[in-house]
Asks: 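Please read through the structure below; I'll follow up with questions.
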Amino acid sequence: MGKPLVEKDEILMIIPKIDDRIDKLLKEGDSFVLMKTSRNTEELENIIYEQSGEKEITSVQNCTMENEKNNRRISKKTNPI
C-alpha cells in the first residue's frame, strides 16, 4: 500500500467477519481491515457509501501470495448529516 494504516492516536480495527454488527463497527474506528469480504461485497459497499465523508478504500486480493492484487479507490461522496 505504501502508507501506514494508522498514525498517532488513530484506531485500527480488524474485522474478521462481515455480519449485522458491521455498520456499528465502522462508526467506531479510523481505519479498518475487513477480512473475507468477497461473500458480502455488495452489502459492504452499500454500508460504506451510506456513511458520510470521504473514504479511501484499498482492496487486496490474495494478500501475501504471488498473485496478490491491489485496487485503490477514493469515494468523495458525502451524505448530509
Side-chain angles (χ1 to χ4, degrees):
M1 286 181 26
K3 64 182 262 181
L5 293 174
V6 291
E7 296 178 337
K8 300 182 181 179
D9 63 346
E10 293 178 327
I11 296 171
L12 172 65
M13 294 184 76
I14 299 174
I15 303 172
K17 176 184 177 186
I18 308 300
D19 62 20
D20 60 343
R21 299 172 287 181
I22 189 68
D23 192 38
K24 181 179 176 185
L25 291 171
L26 290 176
K27 294 175 184 173
E28 298 296 324
D30 299 303
S31 284
F32 306 88
V33 174
L34 305 172
M35 301 172 67
K36 310 289 184 186
T37 60
S38 62
R39 293 179 213 137
N40 302 291
T41 302
E42 186 175 333
E43 175 187 4
L44 183 57
E45 285 180 355
N46 289 336
I47 291 168
I48 289 170
Y49 289 118
E50 284 174 4
Q51 295 184 4
S52 64
E54 184 174 311
K55 297 160 188 67
E56 181 177 336
I57 301 166
T58 301
S59 172
V60 180
Q61 296 174 341
N62 303 317
C63 189
T64 72
M65 299 176 75
E66 188 175 309
N67 60 342
E68 178 179 306
K69 294 179 184 177
N70 294 310
N71 179 20
R72 177 179 275 170
R73 300 184 292 205
I74 296 178
S75 167
K76 294 187 179 186
K77 178 181 177 188
T78 57
N79 291 334
I81 298 176

Asks: Tell me whether Glu10 contacts the main-chain N or O of Glu7 through its side chain, where contact means a donor paired with an acceptor under 3.5 Å.
Replies: yes

Asks: Counting only heavy atoms not in Glu42, do more than 12 sit closer than 6.0 Å to its CD atom?
Replies: no

Asks: To the nearest 0.5 Å, tell me how far Lys17 NZ sits from Arg21 CZ.
Replies: 6.5 Å

Asks: Hey, could you give me the CD/CD distance between Glu50 and Glu45, rounded to the nearest 0.5 Å?
Replies: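 One gets 12.0 Å once the value is rounded to the nearest 0.5 Å.
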
Asks: Just wondering, are more than 12 heavy atoms of other shown residues or ligands nearer than 6.0 Å to CE in Met13?
Replies: yes

Asks: Side chains of residues 22-34: which donor-acceptor partners sit under 3.5 Å, not counting sequence neighbours?
Replies:
residue: Asp23; atom: OD1; partner: Gln51; partner atom: NE2; Å: 3.4
residue: Asp30; atom: OD2; partner: Ile11; partner atom: N; Å: 2.7
residue: Ser31; atom: OG; partner: Leu5; partner atom: O; Å: 2.6

Asks: When you look at Ile18 and Lys36, which way does the side-chain contact (heavy atoms from CB on, under 4.5 Å) test go after all the steps?
Replies: CA-CA 8 Å; Ile18 308 300; Lys36 310 289 184 186; over 6 Å; no

